[in-house]
Visitor: 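Please read through the structure below; I'll follow up with questions.
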Amino acid sequence: MRFSRLFGRTLREDPAEAEIVSHQLLQRGGFIKPLASGIYTQMPLGWRVSKKIMNIFRREMDALGCQEMAMPVINPAEIWQQTGRWDSVGPALVRYQDRNERDMCLAMTHEEALSDILKTELESYKQLPILCYHMQTKVRDEPRPRGGLIRVREFIMKDAYSVHTDQADIDRFYPDMVQAYRNIFASCNLDTVEVEADSGMMGGSDSHEFMVLSQSGEDTVFISSDGAYAANAERAVFDKGTPPAEEPGQLEEVYTPNCKTIAEVANFLGVPQTRTVKAVFYIAENETEDFIFVVIRGDLPVNEVKLSNALGGINFRAATEAEIEAVGAVPGYASPIGLNKDLGGGRKLIIVADDSAVNFPNLVGGANKAEYHLKNTNANRDYQPDVVADIALAQDGDKCLGSEAIFQLHRGIEVGHCFKLGTRYSKPVGLKYLDENGKTQTPIMGSYGIGVGRLMAAVVEQHHDDNGIIWPEAIAPFDLHVVSLAKRPDDEVGQQGEALYRQLQQAGFDVLYDDRKESPGVKFSDADLIGIPWRMTLSARSLKNGGVEVKHRRDPDVDIVPVDQLVDYLKNKRQ
RNA sequence: CGGGAUGUAGCGCAGCCCGGUAGCGCGCUUCGUUCGGGACGAAGAGGCCGGCGGUUCGAAUCCGCCCAUCCCGACCA
């Protein structure tokens, strides 16, 4: 490619709206161009990188025996209604009606589309496992796109699916897929951390995220100080401490003026926050709008993902002060003690207790009376929780379960996610196959996603310097960047440059040839910004020194290589 | 959806308080000089000052509403 003909140009300054480095450099280098919030065009340079990334995906998926296919972006509503996600995923799913007023949507992922195929295609255990993947545009109307390519509303994802006879079969296959993901990230020179994750809207039992640790990440992950445990914030379980061995004491009302927060109460009564219990309130988004009364030890924040899981995956919102008062609780001094669980009309008050609030005895809690708290509240004696679960949010510095290690908080970019889906999709859709004994069985599925653009951005986050991007060789837009410092196109240097460009292309390299009429400074700066690994400078000076000046983007040093030895030199040096 | 910020030429910004016919740098075009780390000179092109409404003799500037973009949070993968 001649630089003079390359569509898209470099910018001298960072676009004002770009805050994170990958967004700045990808835009400045002319890789991407924004169209609307969270919607980007991949310009020729960016698309070249994407294609190289996708080819790495192909290589790894094909090696596993996964077959590439292509499923549609446009889906009919029915298949999403069948799995329940038409209602459960909310406005992130882009919906519309076609001209016949049929409900349609733009797929945000493809479990439904694949399941629909399997409904008629899958009949026998002999077909299993089915391993397939595709790379397709996903559309998600995100509440808040951010960070350039980190979180967007339209993006290409490689998603693979596996269909198995039973759990044992997916358990055998799953590590191979995880290994393929490791290979992919290794090929992109990306350092990733594998963390236990919540499966979120995907459902299913088991899931692992691949995180790139970065300040620009939007996910919170905890890694134990001994490196033995890593989990994202939604999932992380931690040691809440050992409850003191105390006999339950007598309930005792105490006057606690102006003590609406846990900190104030603990301070006023001179007890640690771990000896208090607090209440948090939500309204379930179900037909009866049940009132969710959460009790949790005073020092712990609520993990709403864990809470949702404890309640069978329902959605909810924070309750208003009026709604709290309506069930008889007093905000700031609330307690589940003495509240009526039947709110009438089939509406329930559901008490969800974190295990901390149950295991720790004699906690200070609200009295449902302004300015008063109760000492020595005890779950199961003073009130009956409907659900007891771990619903606490881990924090930096929390202790790991079963070891002395400490949680350290990191920010991360989620670049890949593997899910064991169980029968989350196969069951509602009614997927069936006949086993060796002619018995009807429900298959077990897995799904494995990785975003192309997000991966590209994550690589830039990890591989850049003050001057620009430093692409790993495997995904660089070009292999070589030939910089000609010819004064005129037809002079000695110009002619040699043309010949060199042809020669390197014939040797099989992807070459960007800077034939522009620009000053050397401009060409070098653009070369650094675009970040192609190998830069070859051809100039009167280099020719006088015996050839072409070869420099790797990440090293300051240069080699002078005679033109006729260049190809051998590069084949030797390149990874 | 809540909080905050910003919208003026392709990009980065000033001008806005204090109303009076729109400016700087980069980039772009032409010519000349230059030529190893974002060169120099000369001459140019390019703007519905985000939109709508109001106040005013007069609005980029004051007021109201709306829209868009970014950041934090909610939410989400």
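No hydrogens, no waters, no symmetry mates; every other heavy atom, side chains included, goes into these values. Residue numbering restarts at 1 for every chain, and letters A, B, ... go by the order of the sequence lines.
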Visitor: May I ask you to say what A:R488 touches in the nucleic acid, namely base, sugar-phosphate or nothing, with a heavy-atom cut-off under 4.0 Å?
Guide: nothing
Visitor: Could you let me know what B:rG46 is paired to, Watson-Crick or G-U wobble, both distances under 3.5 Å, or none if it's on its own?
Guide: none
Visitor: Taking only the C1' atom of each, what is the distance from B:rG51 to B:rA60 in whole angstrom?
Guide: 14 Å
Visitor: By the 4.0 Å heavy-atom rule, please label A:E142 as base, sugar-phosphate, or nothing.
Guide: base
Visitor: From the set B:rA77, B:rG37, B:rG10, return the single nucleotide nearest to any side-chain atom of A:R9.
Guide: B:rG10
Visitor: Kindly say if A:S37 contacts the phosphate of B:rC70, meaning a side-chain N or O under 4.0 Å from OP1 or OP2.
Guide: yes
Visitor: Check if the side chain of A:R541 and the base of B:rG37 share a donor-acceptor pair of N or O atoms closer than 3.5 Å.
Guide: no
Visitor: Any strand counts, and the cut-off is 3.5 Å on both contacts for Watson-Crick or G-U wobble. Which nucleotide pairs with B:rG2?
Guide: B:rC72
Visitor: In whole Å, what separates the P atom of B:rU30 from that of B:rC71?
Guide: 38 Å
Visitor: For the base of B:rG27, is there a side-chain donor-acceptor partner from A:R28 under 3.5 Å away?
Guide: no
Visitor: Counting only side-chain nitrogens and oxygens, does A:S519 get under 4.0 Å of the OP1 or OP2 atom of B:rA39?
Guide: yes
Visitor: Looking only at side-chain N and O atoms, does A:E461 offer a donor or acceptor that is under 3.5 Å from a partner on A:H464?
Guide: no
Visitor: Who does B:rG58 pair with, Watson-Crick or G-U, both distances under 3.5 Å?
Guide: none
Visitor: Between B:rA77, B:rC70, B:rC72, spot the one nearest the side chain of A:E414, thanks.
Guide: B:rA77
Visitor: For B:rG38, give its Watson-Crick or G-U wobble partner with both distances under 3.5 Å, or none.
Guide: none
Visitor: Mind calculating the distance between CD (A:E13) and C1' (B:rG12) to the nearest angstrom?
Guide: 4 Å
Visitor: With no hydrogens and no angle check, just 3.5 Å: does a side-chain donor-acceptor pair link A:N75 and A:W80?
Guide: yes
Visitor: Go through B:rG38, B:rG37, B:rA77 for me and flag the one nearest to the A:H417 side chain.
Guide: B:rA77
Visitor: Could you tell me whether the side chains of A:E304 and A:Y282 share a donor-acceptor contact shorter than 3.5 Å?
Guide: yes
Visitor: What's the CE-P distance between A:M43 and B:rC11, to the nearest Å?
Guide: 13 Å
Visitor: When only distance counts, do a donor and an acceptor, one from the side chain of A:E209 and one from the base of B:rA77, lie under 3.5 Å apart?
Guide: no
Visitor: Just checking A:V152: base, sugar-phosphate only, or nothing, at a heavy-atom cut-off of under 4.0 Å?
Guide: base
Visitor: Can you tell me the pairing partner of B:rA14 across any strand shown, Watson-Crick or G-U wobble, with both distances under 3.5 angstrom?
Guide: none
Visitor: Round to the nearest Å and state the distance from A:E17 atom CD to B:rG10 atom P.
Guide: 15 Å
Visitor: B:rG37 base to A:N467 side chain: any donor-acceptor pair below 3.5 Å?
Guide: no
Visitor: Work out which heavy atom in A:E234 is nearest to a heavy atom in A:N303; give both atom names and the distance.
Guide: O-ND2, 3.0 Å
Visitor: A:D14 near the nucleic acid: base, sugar-phosphate alone, or nothing, with a heavy-atom cut-off under 4.0 Å?
Guide: sugar-phosphate
Visitor: RNA chain B: A:A16 or A:L485, which has the more 5' nearest nucleotide?
Guide: A:A16
Visitor: When you measure only distances, ignoring hydrogens and angles, does the side chain of A:R140 come within 3.5 Å of the base of B:rA77 through a donor and an acceptor?
Guide: yes
Visitor: For the ring pair A:Y448 and A:Y181, is the centre-to-centre distance below 6.0 Å?
Guide: no
Visitor: Using the P atoms only, state how far B:rC49 lies from B:rG53, rounded to an integer number of Å.
Guide: 14 Å
Visitor: Among the nucleotides B:rG12, B:rA74, B:rG37, which one has an atom lying closest to any side-chain atom of A:E304?
Guide: B:rA74
Visitor: The side chain of A:E518 lies closest to which of these nucleotides: B:rA39, B:rC70, B:rC28?
Guide: B:rC28
Visitor: Closest approach to the side chain of A:K487, judged atom by atom: which nucleotide of B:rC75, B:rG38, B:rC35 is it?
Guide: B:rC35
Visitor: Name the nucleic acid region contacted by A:G30, choosing base, sugar-phosphate or nothing; use a 4.0 angstrom heavy-atom cut-off, strictly under.
Guide: nothing
Visitor: Under a 3.5 Å threshold, yes or no: a donor from one side chain and an acceptor from the other, between A:R85 and A:Y425?
Guide: yes
Visitor: Closest to the A:S525 side chain: B:rA77, B:rG37, B:rC70?
Guide: B:rG37
Visitor: With rounding to the closest Å, how many angstrom separate the P atoms on B:rG12 and B:rG41?
Guide: 25 Å
Visitor: With sugar-phosphate meaning primed atoms plus P, OP1 and OP2, does A:E549 contact a base, only sugar-phosphate, or nothing at under 4.0 Å between heavy atoms?
Guide: base
Visitor: Can you check whether A:R12 has a side-chain N or O nearer than 4.0 Å to OP1 or OP2 of B:rC11?
Guide: no
Visitor: 5'-most contact on RNA chain B: A:K517 or A:F155, nearest heavy atom basis?
Guide: A:K517
Visitor: What integer distance in Å separates A:H23:NE2 from B:rC70:P?
Guide: 7 Å
Visitor: So, for A:H208 and A:F210, is the gap between ring centers shorter than 6.0 Å?
Guide: no
Visitor: For B:rG64, which nucleotide in any strand shown is its Watson-Crick or wobble partner with both distances under 3.5 Å?
Guide: B:rC52
Visitor: Under 4.0 Å, counting only non-hydrogen atoms across every strand here, what does A:P91 touch: a base, just sugar-phosphate, or nothing?
Guide: nothing
Visitor: Which base sits across from B:rG19 as a Watson-Crick or G-U pair, both distances under 3.5 Å?
Guide: none
Visitor: Check the side chains of A:R411 and A:T220 for a donor-acceptor pair under 3.5 angstrom, ignoring hydrogens and angles.
Guide: yes
Visitor: If I pick the C1' atom on B:rU8 and the same atom on B:rC48, what distance separates them, to the nearest angstrom?
Guide: 12 Å
Visitor: Which part of the nucleic acid, if any, lies within contact of A:P15, taking any heavy atom under 4.0 Å across all strands shown: a base, the sugar-phosphate backbone alone, or nothing?
Guide: sugar-phosphate
Visitor: For the P atoms, the ones on B:rG46 and on B:rC65, what distance do you get once it is rounded to whole angstrom?
Guide: 37 Å
Visitor: Can you measure A:E19 atom CD to B:rC72 atom C1' for me and round it to whole angstrom units?
Guide: 10 Å
Visitor: Please state whether the phosphate of B:rC71, meaning OP1 or OP2, lies under 4.0 angstrom from any side-chain nitrogen or oxygen of A:R144.
Guide: yes
Visitor: Write down the distance separating the P atoms in B:rG20 and B:rC62, rounded off to the nearest Å.
Guide: 11 Å
Visitor: Select base, sugar-phosphate, or nothing to describe what A:A92 touches, counting heavy atoms under 4.0 Å on all strands.
Guide: nothing
Visitor: Does a donor on one side chain and an acceptor on the other come within less than 3.5 Å for A:H23 and A:Q27?
Guide: yes
Visitor: Looking only at atom P, what distance separates B:rA39 and B:rG2, rounded to whole Å?
Guide: 48 Å
